[in-house]
Protein chains: 2
Amino acid sequence: MDKRQLLLDAALKLFVEYGFHGTPTSLIAKEAGVANGTLFHYFKTKDELIVALYVDIKSRMGKYVFENAKGQPTFKETVKEQYLASLYWALDNQLQFRFTEQFKNSPYLARIAPQEIEASLKPFHDMLHKGIKDKIIKPHPVDMLFTLISNQTFGINQYLISNNFSKAKQHQVITDSFEMLWAMIT
Amino acid sequence: MDKRQLLLDAALKLFVEYGFHGTPTSLIAKEAGVANGTLFHYFKTKDELIVALYVDIKSRMGKYVFENAKGQPTFKETVKEQYLASLYWALDNQLQFRFTEQFKNSPYLARIAPQEIEASLKPFHDMLHKGIKDKIIKPHPVDMLFTLISNQTFGINQYLISNNFSKAKQHQVITDSFEMLWAMIT
DNA sequence: CTTACGACTGACTAAACAGTCGGCAAATAT
DNA sequence: ATATTTGCCGACTGTTTAGTCAGTCGTAAG
């Protein structure tokens with residue numbers, strides 16, 4: 001039993017339910033089934049725990065999306081697989097997804113170094129650049145394109161969560177919305 | 001001097017900077033230049049202040065967008081004016097915009113009655129319905145379309161804020177991105 | 001067997017917090 | 001002129017909080 005992981009799991013669940021500051025460290029420790037002091041053994045402060053949780057989740061998600069999308073024959077299929085993988089990950093990890101959205105819209109985001117954010121975005125930016133160079137995608141600024149794509153992903157996820165669709169219907173919404181996205185950027 | 005308004009203004013500024021729970025009521029009162037107790041004279045609890053601030057901002061924004069977009073000759077121009085008005089409002093009221101985003105991704109959103117949300121969305125849904133009936137917009141579910149449009153608005157706003165463009169360039173990004181949006185939904 | 005180590009504990013504390021309350025001064029009603 | 005209400009004040013309090021610390025206990029090396 002990895003108590004550090006138990007603490008991260010408990011914190012995730014409680015943060016999503018009550019918010020960062022609505023969740024006392026004592027409650028996190030209790031939910032994780034460890035002593036109060038153990039939390040501060042693994043994380044020097046509560047803020048460090050929050051940031052560590054975000055970094056942990058982001059790296060897992062990024063890994064998942066890239067693993068799933070590599071080795072596609074065409075450019076369009078690569079982009080499509082990334083889009084699908086993002087959405088399926090978000091559907092299977094709703095707590096994680098909601099946490100990152102909460103984090104991104106909070107003052108805590110400032111704790112993540114801009115260069116770190118940039119580095120995690122680089123693979124996507126490079127890919128979009130290639131698409132423009134090969135004249136598949138319209139020549140818009142890549143960070144604008146990336147913002148549009150990730151916000152569409154977020155929007156469709158919201159839509160899927162608030163409606164309780166079957167697996168088949170979910171898949172249809174996802175592929176339909178990808179075609180809309182593709183129509184927008186090409 | 002409307003002390004209630006002073007409190008709302010101070011709260012807005014501090015919430016965006018430090019988050020809801022990172023901002024003590026004592027600090028809000030101090031920033032507003034009123035006594036501690038005055039805050040609780042106008043708002044029974046801190047939570048009530050937070051929710052009141054959200055409702056206040058939302059109604060102002062909705063009013064602004066609709067005032068600006070009425071009386072357009074064509075359907076496309078009506079949609080376009082709403083899109084432009086949303087973005088210009090967000091640019092001119094960045095604190096307000098960031099606050100609403102923080103609020104929407106927090107557990108406080110649950111305090112707003114679903115019917116209240118639905119009512120505020122109705123005009124937009126009706127408009128989209130009309131667009132579909134007149135075969136201008138592709139027949140997708142209206143709430144999906146609405147989600148895509150509002151997330152695109154949010155995304156472009158993010159993009160505009162993080163890059164420091166001139167007024168002219170800003171306008172170009174906004175109109176360009178509207179054409180992309182229009183290509184997606186028609 | 002003895003010693004050392006580090007993960008882990010939970011009672012504890014100092015500070016911070018949301019919310020209270022008795023009262024005051026000015027406006028309004030009688 | 002007097003009474004009543006209203007808007008506002010700020011010192012105060014009971015509670016909650018993040019974070020501390022002295023010490024326990026299992027393990028493993030000497």
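Every chain is numbered from 1, with letters handed out A, B, ... down the list of sequences. The figures here come from the full heavy-atom set of this structure, side chains too, leaving out hydrogens, waters and symmetry mates.
The number of heavy-atom neighbours closer than 6.0 Å to CG of A/N164, taken from other residues, nucleotides and ligands shown, is 12 or below. Residue A/K63 places its NZ atom among 12 or fewer non-hydrogen atoms of other residues, nucleotides or ligands, all under 6.0 Å distant. Around the CG atom of A/D2, the shell of radius 6.0 Å holds more than 12 heavy atoms that belong to other residues, nucleotides or ligands.
A/L7 has its CG atom 14 Å from the P atom of D/dG19, to the nearest Å. Atoms CG (A/L49) and C1' (D/dT17) sit 15 Å apart, rounded to a whole Å. Atom NZ of B/K46 and atom C1' of C/dA16 are 11 Å apart (whole Å).
Separation of the A/F15 and A/Y54 ring centroids does not fall under the 6.0 Å cut-off.
The aromatic rings of A/F124 and A/F66 lie perpendicular to each other, with more than 60° between the two planes, well past the 30° mark. The aromatic rings of B/Y83 and B/F178 sit tilted relative to each other, their planes meeting at an angle between 30° and 60°.
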If you apply the rule ring-ring contact (aromatic ring centres under 6.0 Å, His included), what do you find for A/F20 with B/H21, and how did you get there? CA-CA 8 Å; A/F20 300 135; B/H21 293 271; 9.9 Å; no
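Contacts of residues 12-40 of chain B with DNA chain D (heavy atom under 4.0 Å): B/V34, B/A35, B/N36, B/G37, B/T38. A heavy atom lying under 4.0 Å from DNA chain C marks none of the residues of residues 104-111 of chain A.
Remark: A/K76 engages A/E179 in a salt bridge, criterion side-chain N to carboxylate O under 4.0 Å.
Across all strands, B/K44 comes closer than 4.0 Å to no nucleic acid atom at all (heavy-atom distances).
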